[in-house]
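One structure below.
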Number of protein chains: 2
Amino acid sequence: MPKIVDHAQQKIKVAEAAWRVIRRSGIENASVRNVAQEAGISPGSMRHYFSTQAELFSFSMNLVSERVNQRILKLSFERPVPEVARDLLREMVPLNEESRSEMEVWLAFTSKSMSEPSLRDHADRVYEEMRQAMARILQAMVEYEFASDNLNVEEEAVRMQTYVDGIALHGLLYPDRMPPSRMEKMLDDYLASLCKKEN
Amino acid sequence: MPKIVDHAQQKIKVAEAAWRVIRRSGIENASVRNVAQEAGISPGSMRHYFSTQAELFSFSMNLVSERVNQRILKLSFERPVPEVARDLLREMVPLNEESRSEMEVWLAFTSKSMSEPSLRDHADRVYEEMRQAMARILQAMVEYEFASDNLNVEEEAVRMQTYVDGIALHGLLYPDRMPPSRMEKMLDDYLASLCKKEN
DNA sequence: ATTTTTTTAATACAATTGTGTTAATATAAT
DNA sequence: ATTATATTAACACAATTGTATTAAAAAAAT
């Protein structure tokens, strides 16, 4: 009957507008009206897709992690494990404008999640998923004998995540001293250090 | 003549109230009125110490880094370099409630600084100071032959800072998997890796 | 005790916020 | 063309925001 618009697509359009507002002016300026204007629709209209601001934030935060997830799942796993590991880690630091944008927004949401339990749940879930992905690739490195079987996989996964997130944070905040080339080198060096037996 | 109150002390009292509000409810709720109430004074009264909210934020952010600085300067430097290095790094991660509180607030300000140039300047300055402190301790480790003189001090300082900030971030956000004991171990392991010659 | 000056309290104001409500519009099926 | 309905625009409302102003209160010097 009426004007059929892709509901899901429209929500994504609005969420991406929210990202742009957050990047440009901070999450404290991501008001309903500002996001609607950025999305090119009326504020009242936006309420049709997100009846509350909390919903919009939750959806926008979810969409960030989903995008990263999709890129990771799109990686080819039919390759030597070290190559897969390298590409996996590279998806978790801001190497290009797209991932940089996502991670700036992610940092804003993560920071807000410290005092917002609803966002906190999602942040924790994503943290766990990432850690598990890292544990799996480490396990594979051990099984294919690229890494020593002395390696404590679970413990190393936490260390890896800490290391990678440190690189990502500095890549975001201090890109002059931590440009993409430096991030890649630090990731490569780290993976190389894992490949030496008996570390 | 009139009621003499320690102006500087009062500003600190207000800034610390701002910290508590930021920790409890996020920086977006650190309004003039909320902070004044937390400090136990009237909103109009607070304007005598901070005529604008931007001033309050700037002062509060400065106070955080000053506290960390003061603790670092209070360290005894008349000791074996590796001990000094260990204690220096331990001041840069949330090992106790005091530093945890400071760093939670610091993360909030740092995150806000991404879209607030005024705060950004201070964040960058502190980043440089910390990196230089790390470079100095690394230089000392080389000079006293605890570390190989092959070590590129400036490059390693960036790596060290990235590593330490990663630990601090995970200590803040995921204290279950990154408790103080784990942070200490990761710092110790890192320093030990520097002490092996020819790395 | 009086005076001087800092500090506080109380209000005011326009702007912006999140959230509702309601009337108008546009679109696709009949 | 008519109709049914999804979509939009416009406005309303109370709450909160930063900032400003003004009168009351408090305290220390004389």
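Keep in mind that the numbers below use all heavy atoms, side chains included, and drop hydrogens, waters and symmetry copies. In what follows, chains are A, B, ... by sequence order, proteins preceding strands, each numbered from 1.
The nucleotide whose nearest atom lies closest to any side-chain atom of A:Ser42 is, among D:dT17, C:dG18, D:dA9, D:dA9. For B:His7, the listed nucleotide lying nearest its side chain is C:dT7; candidates were C:dT8, C:dT7, D:dG18. Closest to the side chain of B:Arg33, out of C:dT17, C:dT19, D:dG18, is D:dG18. Looking at the side chain of B:Ser31, the nearest of the listed nucleotides D:dG18, D:dT19, C:dT8 is D:dG18. In this structure, of C:dT21, C:dA9, D:dG18, it is C:dA9 that holds the atom nearest to the side chain of B:Ser45. Closest contact between the side chain of A:Gln53 and the listed nucleotides C:dG18, C:dT8, D:dA20 involves C:dG18.
The interatomic distance linking A:Met46 (CE) with C:dG20 (P) rounds to 13 Å, in whole Å. C:dT16 atom C1' lies 13 Å from atom CD of A:Gln37, rounded to whole Å. If you measure from atom CZ of B:Phe50 to atom C1' of D:dA20, you get 19 Å, rounded to the nearest angstrom. B:Leu56 places its CG atom 10 Å from the P atom of D:dT19, with the value rounded to the nearest Å. One interatomic measurement links the two molecules: OH of B:Tyr49 to P of D:dG18, which rounds to 19 Å at whole-angstrom precision. Regarding B:Ile41, its CD1 atom lies at a distance of 14 Å from the P atom of C:dA10, rounded to whole Å. Atom CD in B:Glu55 sits roughly 11 Å away from atom P in D:dA20 (whole-Å rounding). Here the C1' atom of nucleotide D:dT22 and the NE2 atom of B:His48 are 15 Å apart, to the nearest Å.
For the pair B:Arg47 and D:dA20, the criterion of a side-chain N or O lying under 4.0 Å from OP1 or OP2 is met. Residue B:Thr52 has a polar side-chain atom (N or O) positioned under 4.0 Å from OP1 or OP2 of D:dT19. In this structure, A:Asn34 reaches the C:dT17 phosphate: one of its side-chain N or O atoms is under 4.0 Å from OP1 or OP2.
The pair B:Arg24-B:Glu38 counts as a salt bridge, with a side-chain nitrogen and a carboxylate oxygen less than 4.0 angstrom apart.
The aromatic rings of B:His7 and B:Tyr49 sit tilted, their planes meeting at an angle between 30° and 60°.
A:Asn29 comes within contact range of no nucleotide atom at all, as no heavy-atom separation falls under 4.0 Å.
Side-chain N/O atoms of A:Glu55 and A:Ser51 include a donor and acceptor closer than 3.5 Å.
Ring centroid separation for the pair B:Tyr127 and A:His170 comes in under the 6.0 Å cut-off.
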Side chain to side chain donor-acceptor pair (under 3.5 Å) evaluation trace for B:His122 with B:Ser65: CA-CA 9 Å; B:His122 183 245; B:Ser65 53; 3.2 Å; yes
